[in-house]
Number of protein chains: 2
Amino acid sequence: MVDMALSPLHQDFIWHFGEMGSRWGMNRTVGQIYALLFLSEEPLNAETITADLGISRSNTSMGLKELQAWNLVRMRHVQGDRRDYFTTPDDLWEIVRTLVAERRKREVDPTLTKLRELEMAGPQGDAYAEARIAELREMIEMMTQFHDEMNRLETERLVQLMTMGRKLGGLLDKGPRLNPFRRAAK
Amino acid sequence: MVDMALSPLHQDFIWHFGEMGSRWGMNRTVGQIYALLFLSEEPLNAETITADLGISRSNTSMGLKELQAWNLVRMRHVQGDRRDYFTTPDDLWEIVRTLVAERRKREVDPTLTKLRELEMAGPQGDAYAEARIAELREMIEMMTQFHDEMNRLETERLVQLMTMGRKLGGLLDKGPRLNPFRRAAK
DNA sequence: CATGAATTTCAGAAATTACTGAAATGGTCG
DNA sequence: CGACCATTTCAGTAATTTCTGAAATTCATG
């Protein structure tokens, strides 16, 4: 099937993911490669990807390398074929978990490390800035811990939890309020 | 206070946020401006920011404009001074809410729109791709609805919820399991 | 252990994004 | 109204990132 053009559906989806790729800390081609694999039932090899997207073979190679660094694609092998084949996981929840974990690793963890490092240096004479840094570190710690806990939940439970939505707030102890102000009306 | 150099603490923090800025969909200067404002107890004007960061006045103007588009900084005025002054909100939770909301707007909502649009076009003959798109749309819908619900909670409740961490899973009905497998040991 | 197909690496080219200085605009005050 | 200060806009330049083609590497196979 040489020169088989992509369907309009594929075109449109892949193009969109290309644009989004840049906003998600990858680049256009990486987004496109991902999109192509996402829509494909069978694993694809690098040559096919290169042809479908009309990019250079080396660009495909780098893109796949990056997607593997993100743990977003898997390499597989096909019986009697020397080439590497690639797929995305079937389970969307797994994909989301990976994406969140990787973004945290790149976008949050380094800051947590840096903030701790700054605090280790001890007071430098700017009480406000130091308090602000401490407060930020505490908040990030709380959120990452929460993320760790949620990550431990099986998918089924996580879905239950998310589906509960509004009811979650109601579960909480409504004892003495720490904050005396009511939430402002929207 | 002309040519007052930034303290090493400020330097380090600001430099780090500059690097992170690029990973968070802003650019280096935008991250630096934000960091500078974040650590400053008093509002700062554009001239001060320009001098502290050693960038051009026009770059400062553009950076502030972008931060305002993100709703991450506020403009204020100081008695008897014609210049605009800028601050970040004191409440870190408010900051996080804003950040999440803005990233969703830029990184998730457009994809939801696109997926719906693709589905509207009706079946195109690739059942697998169409199913994949529908499944993705459903997942994104579930997550954005959940986000909407969480956003409705007052901060105090949200903190309570996050602090509960592990216990949350236990709250759920443990009725008939849909998934017959136990979670694999770490 | 030589061959050749598949993949990766990498230096330079192309494309994109960020930044600057100069000019234009806006808005306050006498 | 007009002078002056603050801010924004924007065209050109600088810096960065992405992409390519050619060369190097890897590795299964005869």
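Letters A, B, ... are given to chains in the order of the sequence lines, protein chains preceding strands, and every chain is numbered from 1. Keep in mind that this is a model prediction, so the values were computed, not measured.
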Item to check | Phosphate contact (C:dT7 OP1 or OP2) by A:Lys65 side-chain N/O below 4.0 Å | outcome: no

Checklist entry - Does a sphere of radius 6.0 Å around CZ in B:Arg106 hold more than 12 heavy atoms from other residues, nucleotides or ligands, not counting ones at 6.0 Å or beyond? => result yes

Item to check | Carboxylate-amine/guanidinium contact B:Glu149 B:Arg152, below 4.0 Å | outcome: yes

Checklist entry - What about A:Ser58, does its side chain sit under 3.5 Å from the base of D:dG21 through a donor-acceptor pair? => result yes

Checklist entry - Taking atom C1' of C:dA6 as reference, at what distance in whole Å does atom CE of A:Met75 sit? => result 12 Å

Next on the checklist: Using side chain to side chain contact (heavy atoms under 4.5 Å, CB included), reason through B:Tyr128 and A:Glu42 one step at a time and then give a plain yes or no.
Outcome noted: CA-CA 10 Å; B:Tyr128 182 81; A:Glu42 316 84 38; over 6 Å; no

Next on the checklist: Run the salt bridge (Lys or Arg N to Asp or Glu O under 4.0 Å) test on B:Arg116 and B:Glu119 for me, step by step, so that the C-alpha distance in whole Å, both residues' side-chain angles and the decisive distance to 0.1 Å come before the verdict.
Outcome noted: CA-CA 5 Å; B:Arg116 285 174 176 156; B:Glu119 288 183 297; over 6 Å; no

Next on the checklist: Just to be sure I understand the rule, does A:Arg82 reach a base, reach only the sugar-phosphate, or reach nothing, if contact means heavy atoms closer than 4.0 Å?
Outcome noted: base

Checklist entry - What is the distance, rounded to the nearest whole Å, between atom CD of A:Glu66 and atom C1' of D:dT17? => result 12 Å

Checklist entry - Checking all strands, does B:Asp84 fall into the base, sugar-phosphate, or nothing category for heavy-atom contacts under 4.0 angstrom? => result sugar-phosphate

Checklist entry - Between B:Arg57 (CZ) and C:dA22 (P), how many Å, whole number? => result 15 Å

Checklist entry - If every non-hydrogen atom of B:Pro110 is compared with every non-hydrogen atom of A:His16, which pair is closest and at what distance? => result O-CE1, 3.6 Å

Checklist entry - By a strict heavy-atom criterion of less than 4.0 Å, which residues belonging to residues 16-33 of chain A are in contact with DNA chain D? => result A:Asn27, A:Arg28, A:Thr29

Next on the checklist: What is the distance, to the nearest angstrom, from the CG atom on A:Asn59 to the P atom on C:dC10?
Outcome noted: 16 Å

Checklist entry - Starting at CE of A:Met62 and ending at C1' of D:dT17, how long is that distance when rounded to a whole Å? => result 11 Å

Checklist entry - Hey, mind stepping through A:Glu94 and A:Arg97 against salt bridge (Lys or Arg N to Asp or Glu O under 4.0 Å) and telling me if it holds? => result CA-CA 5 Å; A:Glu94 186 190 331; A:Arg97 282 178 195 266; over 6 Å; no

Item to check | Whole-Å gap separating P (C:dA13) and CD1 (A:Ile55) | outcome: 21 Å

Checklist entry - Rounded to whole angstrom units, what separation is found between the NE2 atom of A:His77 and the P atom of D:dC27? => result 11 Å

Checklist outcome for this item: In short, B:Ile55 meets B:Thr50 closest at the heavy-atom pair O-CG2, 2.9 Å

Item to check | Length of the CG-P vector between B:Leu67 and D:dT8, whole Å | outcome: 13 Å

